[in-house]
Amino acid sequence: MAFRRRPDVRGVPVSLEPPYRLAPDATAAALASRHRDLGAGEETNETVTVAGRIMLRREMGKLVFATLRDSSGGIQLFAGAKWTADFEAFGRLSLGDWIAATGEVVRTRTGELSVKVREWVQLAEARRSFGDKFRGISDVDTRYRQRYADLWANEESRRALLLRSRIISWTRRWLEDQGFVEVETPIFHPMPGGAAARPFVTHHNALDTDLYLRIAPELYLKRLVVGGFERVFEIARVFRNEGLSPRHNPEFTMLELYQAYADYTDMMDLVERLVAGAAEEFLGTTEVTYGGRELSLGAPWRRATMTELIEEHAGSKVDLNTPAEELRQVAQSAGVRVEPGWGPGKLLLEIFEKTTEASLWGPVHVMDYPKEVSPLARDHRSRPGYVERFESIVAGRELCNAFSELIDPDEQRARFEDQARAKASGDEEAMAMDEDYVRALEYGLPPTGGIGVGVDRLVMLLSDSDAIRDVIAFPTLRPEIFTSDT
RNA sequence: GCGCCUCUAGCUCAACGGCAGAGCAACGGACUCUUAAUCCGCAGGUUCUGGGUUCGAAUCCCAGGGGGCGCACCA
């Protein structure tokens with residue numbers, strides 16, 4: 001794409017060299033609130049320095065009005081030949097230029113709060129245009145690739161990223177207030193584990209060994225619980241080598257936390273309080289709309305078992321005791337491509353995902369997954385063949401995955417062995433035996449509840465975004481090919 | 001990976017087989033209270049790329065590239 005290189009500001013440089021530092025002493029928002037009562041046509045003696053980008057400009061002969069925007073909002077600059085230094089040059093500023101302006105706070109006769117510019121300096125030139133001054137940039141590719149331009153041009157983009165920052169910060173405080181300790185665990189893993197996903201592989205030269213970018217921090221966080229951190233959490237960037245979609249980015253952020261002495265029902269309470277609390281904090285209500293559809297995030301959320309939900313939505317009464325042949329038939333008639341190695345647990349999960357999950361709007365905790373598909377969760381206390389695991393569906397999507405953690409080292413070893421067998425027979429996402437993790441469990445992991453929450457999805461939910469890319473500053477894209485005219 | 005859609009001026013979009021256009025931005029000018037200022041003027045193109053059909057292609061066809069959406073996979 002070609003760009004406009006500004007033809008030297010009509011031969012006269014607006015300023016020779018931007019300053020190295022400056023001290024703006026007012027923001028647009030602060031001025032607006034401080035001078036709310038200033039009447040039209042009134043002037044103050046208060047001299048301020050504001051800084052930001054020129055967004056709009058209206059030339060009126062010997063007067064120039066410009067709209068300056070800083071991170072707090074916008075304010076008008078009011079320049080006039082009679083009182084503004086370098087007035088001619090002021091009128092030649094481009095939309096998008098950064099400037100600092102000093103002058104008195106006034107309200108114009110037509111009622112616009114303004115800084116009456118005495119002195120000003122150009123801080124940076126915008127050689128490229130920010131697009132249509134009214135419609136901004138809407139080309140999706142340009143928006144994500146040139147996020148710096150998108151963020152200036154589109155209020156919605158800014159708003160989503162700001163909300164992301166605030167949600168993460170609020171979550172951190174919220175957890176710390178409850179005694180959780182934030183930790184950092186390795187991103188390089190000698191073997192991928194803690195989730196079913198294909199990893200990215202890299203290589204360490206000095207150790208001459210392959211390392212995997214983590215697909216989940218889970219196993220390290222539980223090692224920390226073994227080590228005595230009774231309540232830990234990590235806001236972890238994780239990496240999964242899978243397809244891109246409006247809801248999937250290869251790197252995404254997961255909040256994982258582990259709480260000793262808790263079980264999965266405690267995790268249900270916790271996620272309800274987290275999501276409802278964040279909604280209350282940032283939207284002022286737990287009654288939200290997502291994609292035009294109503295959603296009530298207030299606790300408590302519905303709790304139902306996977307088999308109950310299948311019966312409700314698919315009309316099939318199936319569970320782990322259903323004869324394998326019948327399960328296979330139900331799965332096939334639901335459109336699942338059944339593979340030979342699948343046991344009843346896998347079939348049940350597939351039936352659920354195909355027939356039921358998409359029609360759930362939520363919020364609902366889908367409880368009690370088959371043990372066969374949950375290698376890290378503890379056996380259900382009363383339902384043989386199931387584990388104490390739940391996923392919460394909110395706005396039709398999986399928001400979190402949690403369980404009463406498996407704490408028995410022998411059972412964990414057996415589960416890993418099953419996984420290793422699945423991997424050997426071609427399941428690329430199956431886990432491998434993690435000897436060190438089993439060893440950690442042999443030192444004793446107390447009963448523990450754990451949960452992983454998709455942070456990007458939480459932000460999407462509260463910002464009413466339908467694309468994960470909207471809540472990630474720099475989403476993964478195919479690398480751009482640069483040519484001479486880009 | 002497969003299917004469908006899409007790509008025209010810096011930006012947002014028209015033209016849909018018959019002279020490539022508009023608004024905004026840019027550039028020159030007028031204007032002492034504008035608010036997407038207004039007005040006058042001027043300039044701006046490998047219509048994503050390559051090939052084909054046609055008297056004639058931005059438009060139809062084929063191949064490639066970028067992007068979007070859906071499916072698959074997943075959170």
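The structure displayed is predicted, hence computed values, not measured ones. Letters A, B, ... are given to chains in the order of the sequence lines, protein chains preceding strands, and every chain is numbered from 1.
- Computed from coordinates, the Glu88(A) CD to G29(B) P distance equals 9 Å when rounded to whole Å.
- Here the P atom of nucleotide A75(B) and the CD atom of Glu242(A) are 7 Å apart, to the nearest Å.
- Between A75(B) and Arg240(A), a contact under 4.0 Å exists linking OP1 or OP2 to a side-chain N or O.
- Asp456(A) comes within contact range of no nucleotide atom at all, as no heavy-atom separation falls under 4.0 Å.
- Remark: the separation of the P atoms in C19(B) and U53(B) is 22 Å, to the nearest Å.
- In this structure, Gly452(A) reaches neither bases nor backbone, as no heavy-atom distance under 4.0 Å exists between it and the strands shown.
- Spacing between atom CG of Leu477(A) and atom P of G65(B) amounts to 18 Å, rounded to whole angstrom units.
- Nucleotides G52(B) and U6(B), compared at atom P, are 24 Å apart to the nearest Å.
- To the nearest whole angstrom, the two C1' atoms, one in G29(B) and one in A43(B), are 15 Å apart.
- Taking side-chain N and O atoms only, Ser129(A) has no distance below 4.0 Å to OP1 or OP2 of C11(B).
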Can you check each nucleotide of nucleotides 31-37 of chain B against protein heavy atoms at under 4.0 Å and return B for base, S for sugar-phosphate only, - for none, in 5' to 3' order? BBBBBBB

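- Ring-plane geometry between Phe390(A) and Tyr264(A) is classed as tilted, the angle between the planes lying from 30 to 60 degrees on a 0 to 90 degree scale.
- Under the 30°/60° scheme for interplanar angles, the aromatic rings of Phe233(A) and Phe180(A) are found to stand perpendicular.
- The aromatic ring centres of Phe188(A) and Tyr212(A) sit 6.0 Å or more apart.
- As judged by a 4.0 angstrom heavy-atom cut-off over every strand, Arg145(A) is placed among residues touching the sugar-phosphate backbone only.
- In this pair, His189(A) and Tyr220(A) present their aromatic rings tilted. The plane angle is within the 30 to 60° band.
- Distance, Met55(A) CE to A25(B) C1': 13 Å, rounded to whole Å.
- Of the candidates A75(B), A25(B), U12(B), the closest approach to any side-chain atom of Arg135(A) belongs to U12(B).
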Base-pairing string, 5' to 3', of RNA chain B - Watson-Crick or wobble, under 3.5 Å, | interstrand: (((((((..((((....[..))))..((((.......))))......(((((..]....))))))))))))....

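- Using a 4.0 Å heavy-atom cutoff across all strands shown, Lys354(A) reaches sugar-phosphate atoms only and no base atom.
- Within the nucleic acid shown, Asp466(A) has no heavy atom closer than 4.0 Å to any nucleic acid atom.
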